[in-house]
Peer 1: 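Below is a structure I'd like to ask you about.
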Amino acid sequence: MHKKRLEPMVVTRFAPSPTGYLHIGGLRTALFSWLWARRNSGKFLLRIEDTDQSRNNEEAAKAIVEAFQWIGLDHDGEILYQSKRMGLYQMYIDQLLEEGKAYKCYMSKTELDALREEQSARKERPRYDGRYRDFTGTPPKGVDPVIRIKAPTKGTITVFDGIKGEVVFNVDDILDDFIIARADGTPTYNFVVAVDDALMGINEVIRGDDHFSNTPKQIVVYEALGFKLPAFYHVPMIHNSNGKKLSKRDGATDVMEYKRMGYQPEALLNFLVRLGWSHGDQEIFSLEEMIRLFDPNTINKSASIYNPEKLDWLNGHYIKNLSNDTLAHELEAYGADIRSHDRKEILLDALKERAKTLVDLATMVNEVLSAPTEYDAKAFKKAIKPDSKAVLEAFAGKLKSAAELHLPTDYHAQMEAVVNAMEIGFGKIGMPLRLALVGKLAGPGVDVIMATIGKTETLARIETLLTHLD
RNA sequence: GGCCCCAUCAUCUAACGGUUAGGAUUCAAGGUUUUCAUCCUUGCCAUAGGGGUUCGAAUCCCCUUGGGGUCACCA
């Protein structure tokens with residue numbers, strides 16, 4: 001849509017390794033890739049990078065898909081598993097072998113380690129020395145060779161990155177003939193990434209900055225195989241508050257943990273899209289706006305720090321805008337069942353203004369719905385004055401004789417009547433009443449609470465407090 | 001350590017050579033509210049340092065410093 005008609009369809013991908021759950025850094029690059037594909041009416045593909053003898057990658061893949069479903073990102077086509085494409089990789093390895101672009105290396109792991117140690121001792125860069133690059137003799141017995149690719153030994157490799165710009169690497173500084181297939185025949189990461197990205201038609205690679213230094217190696221593979229290079233975008237990392245790479249220890253990194261903590265998918269997405277990207281002064285973005293406005297070429301170059309306060313603010317914003325029906329439905333998973341409550345509109349209208357998360361909201365709902373089991377000592381001291389008993393009794397009497405009480409305003413009128421009759425301020429009745437209703441001095445308006453729980457329950461709670469006043 | 005990247009309020013960011021350096025979050029104060037919160041208003045807070053280039057630099061160049069990433073038969 002934003003690309004000229006002659007240009008090929010944009011195809012992006014998200015390619016996690018199945019080491020566990022989807023973390024928020026991964027979710028952000030996935031979001032960026034997804035947005036860019038959607039904006040261009042292209043495709044967003046999912047691929048699981050499980051070439052290693054990986055443990056239960058089915059589970060991990062399931063976890064990732066589950067997170068995608070919760071967050072609302074869809075992917076096109078089937079999920080690709082690299083573990084199921086081994087034959088394919090073998091074909092391309094054989095091809096490189098035949099063309100003399102790759103070769104078998106019989107150097108053992110221990111020999112290699114020794115070499116590297118020597119090099120380090122001499123303050124040289126540890127690297128494979130190419131000893132089997134042009135080997136024609138008889139291979140040593142009993143050694144399963146690895147396959148190495150013939151990487152250029154001089155010159156430069158330039159990465160054109162949509163975020164960083166042109167970055168030129170000196171081949172001598174960074175490359176050696178790296179391994180593309182292990183001794184057991186399985187292909188390695190930098191090889192399969194390039195092969196798969198090319199074969200899947202990925203033409204825009206948006207991924208984490210931690211992959212940047214792999215890019216020259218992948219370019220070597222692309223070129224050896226004669227594949228066309230994609231556009232690269234290396235998205236700066238998200239750091240923790242210590243400025244380090246986000247890790248499992250930094251609180252919640254599992255996307256599904258955000259669900260458990262009561263965050264809305266929209267809020268999390270909105271939060272993540274503003275980490276490293278912006279559109280003027282705009283802070284709130286619907287998914288539609290993101291799709292319309294996002295462009296990886298305008299992603300910032302610097303890493304950003306994860307700050308939970310802003311996520312809370314955004315989440316509060318999104319909760320305020322949710323319908324009460326939706327909220328009531330969502331709340332069930334957080335231990336507050338209010339779906340069939342006949343006063344849920346009144347309660348939720350009042351409560352959703354003050355909640356940061358659905359967990360907050362559930363707690364608040366339950367605080368209103370269930371009678372207090374104890375009275376906060378400080379609140380008691382502050383709320384209960386010598387005349388409180390008389391005030392509460394007067395109010396209870398007023399309620400008993402009142403006929404129709406439905407809305408908060410009905411209850412408010414009763415309070416007003418007592419206040420006027422006794423010539424006292426609102427605080428004289430509001431504070432002890434609040435204590436009676438919820439056991440503490442914070443929460444929604446007491447009229448809202450009373451309207452929610454009804455006259456009978458209100459009277460019961462007042463009675464309970466009265467038994468504590470003597 | 002080698003290579004690479006980065007650098008505006010505490011944090012996310014705006015500024016694409018000319019602005020009193022703007023917005024948002026947080027924090028503080030005031031207003032609204034019977035309470036707490038929301039909401040509204042106001043306030044505090046930044047161009048890492050040093051050299052250039054230019055009439056003019058947050059912006060371009062160099063150096064320093066600081067931070068990060070990566071250097072596997074992991075991905």
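Sequence lines set the chain letters: A, B, ... in the order given, protein chains first and strands last, and positions in each chain run from 1.
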Peer 1: Would you call Glu353(A) and Lys320(A) a salt bridge, using N to O less than 4.0 angstrom?
Peer 2: no

Peer 1: Which nucleotide in the set C12(B), C73(B), U26(B) lies at the smallest distance from any side-chain heavy atom of Glu309(A)?
Peer 2: U26(B)

Peer 1: Is there side-chain contact between Val171(A) and Thr156(A), with heavy atoms separated by less than 4.5 Å?
Peer 2: no

Peer 1: For atom C1', what is the distance between G17(B) and C45(B), given to the nearest Å?
Peer 2: 26 Å

Peer 1: Ignoring hydrogens and angles, write down the donor-acceptor pairs under 3.5 Å from the side chains of residues 375-386 of chain A, residues two or more places apart or on other chains.
Peer 2:
unit_1	atom_1	unit_2	atom_2	d
Tyr375(A)	OH	Leu465(A)	N	3.4
Asp376(A)	OD2	Lys378(A)	N	3.4
Asp376(A)	OD2	Ala379(A)	N	2.9
Lys385(A)	NZ	Lys382(A)	O	3.1

Peer 1: Would you mind listing every ring pair (Phe, Tyr, Trp, His ring centres under 6.0 Å) that reaches into residues 140-189 of chain A, with sequence neighbours excluded?
Peer 2: Phe169(A)-Phe212(A), Tyr189(A)-His211(A)

Peer 1: Is it true that, when you exclude Lys398(A) itself, more than 12 heavy atoms of the residues, nucleotides or ligands shown sit nearer than 6.0 Å to its NZ?
Peer 2: no

Peer 1: Taking only the side-chain heavy atoms of Ser17(A) (C-beta and beyond), determine which of U25(B), U13(B), A75(B) contains the nearest atom.
Peer 2: A75(B)

Peer 1: Look for any protein N or O under 3.5 Å of an N or O in nucleotides 14-20 of chain B and output each such pair with its distance, or none.
Peer 2:
unit_1	atom_1	unit_2	atom_2	d
A14(B)	OP1	Ser278(A)	OG	3.0

Peer 1: Between U8(B) and C12(B), how far is it from one P atom to the other, in whole Å?
Peer 2: 8 Å

Peer 1: Taking the P atom in each of A48(B) and G67(B), what is the distance between them to the nearest angstrom?
Peer 2: 16 Å

Peer 1: When you match Ala350(A) and Phe271(A) each to their closest nucleotide on RNA chain B, which lands nearer the 5' end?
Peer 2: Phe271(A)

Peer 1: By a strict heavy-atom criterion of less than 4.0 Å, which residues belonging to residues 110-132 of chain A are in contact with RNA chain B?
Peer 2: Leu112(A), Arg116(A)

Peer 1: With a non-hydrogen cut-off below 4.0 angstrom, is Glu49(A) in contact with a base, only sugar-phosphate, or nothing?
Peer 2: sugar-phosphate

Peer 1: Provide the full list of side-chain hydrogen bond (donor to acceptor under 3.5 Å, both in side chains) pairs with a residue in residues 164-181 of chain A, sequence neighbours left out, each pair given once.
Peer 2: Tyr103(A)-Asp177(A), Arg127(A)-Asp172(A), Arg133(A)-Asp177(A), Lys164(A)-Asp209(A)

Peer 1: Heavy-atom contacts under 4.0 Å between residues 154-177 of chain A and RNA chain B, which residues?
Peer 2: Lys164(A), Val167(A), Phe169(A), Asp173(A), Ile174(A)

Peer 1: Is it the case that A75(B) (base atoms only) and Asp50(A) (side chain only) share a donor and an acceptor within less than 3.5 Å, ignoring hydrogens and angles?
Peer 2: no

Peer 1: Quick one: list whatever passes side chain to side chain contact (heavy atoms under 4.5 Å, CB included) with Glu345(A), sequence neighbours left out.
Peer 2: Asn324(A), Asp325(A)

Peer 1: Which nucleotide wins on minimum distance to the side chain of Asn307(A), given the candidates G23(B), U34(B), C12(B)?
Peer 2: C12(B)

Peer 1: Using the P atom on both, measure U53(B) against U59(B) and round to a whole Å.
Peer 2: 15 Å

Peer 1: Using atom CZ of Phe191(A) as one end and atom P of A75(B) as the other, report the distance to the nearest whole Å.
Peer 2: 13 Å

Peer 1: Measuring only the P atom in each nucleotide, how far is C73(B) from U64(B)? A whole number of Å is fine.
Peer 2: 33 Å

Peer 1: What string of B, S and - do you get for nucleotides 42-50 of chain B, 5' to 3', if B is base contact, S is sugar-phosphate-only contact and - is no contact with any protein heavy atom under 4.0 Å?
Peer 2: ---------

Peer 1: For residues 425-435 of chain A, which side-chain donor-acceptor pairs fall under 3.5 Å, sequence neighbours excluded?
Peer 2:
unit_1	atom_1	unit_2	atom_2	d
Arg434(A)	NH1	Pro444(A)	O	3.0
Arg434(A)	NH2	Pro444(A)	O	3.0

Peer 1: Within the structure shown, what part of the strands sits under 4.0 Å from Leu441(A) by heavy-atom distance: base, sugar-phosphate, or nothing?
Peer 2: base

Peer 1: Could you pull out all residues at least two apart from Phe395(A) that satisfy ring pair (Phe, Tyr, Trp, His ring centres under 6.0 Å)?
Peer 2: none

Peer 1: Name the pairing partner of U47(B), where a pair is Watson-Crick or G-U wobble with both distances under 3.5 Å, or state none.
Peer 2: none

Peer 1: Rounding to an integer number of angstrom, what distance separates C63(B) and A21(B) when you compare their C1' atoms?
Peer 2: 26 Å

Peer 1: Considering every strand shown, what is the Watson-Crick or G-U wobble mate of U41(B) when both distances are under 3.5 Å?
Peer 2: A29(B)

Peer 1: In whole Å, what separates the P atom of G49(B) from that of C9(B)?
Peer 2: 10 Å

Peer 1: Please enumerate all protein N or O atoms sitting under 3.5 Å from an N or O of nucleotides 66-69 of chain B, with distances to 0.1 Å.
Peer 2:
unit_1	atom_1	unit_2	atom_2	d
G68(B)	OP1	Lys244(A)	NZ	2.0
G68(B)	O2'	His239(A)	NE2	3.1
G69(B)	OP1	Lys245(A)	N	3.4

Peer 1: Looking only at atom C1', what distance separates G22(B) and C16(B), rounded to whole Å?
Peer 2: 15 Å

Peer 1: Determine whether a donor-acceptor pair (N or O, by modelled atom type, separation under 3.5 Å) exists between the side chain of Asp184(A) and the backbone of Thr186(A).
Peer 2: yes

Peer 1: Taking RNA chain B as the partner, which of residues 376-395 of chain A come within under 4.0 angstrom of it by heavy atom?
Peer 2: none

Peer 1: Taking 4.0 angstrom as the limit, do Arg47(A) and Asp197(A) come out as a salt bridge?
Peer 2: yes

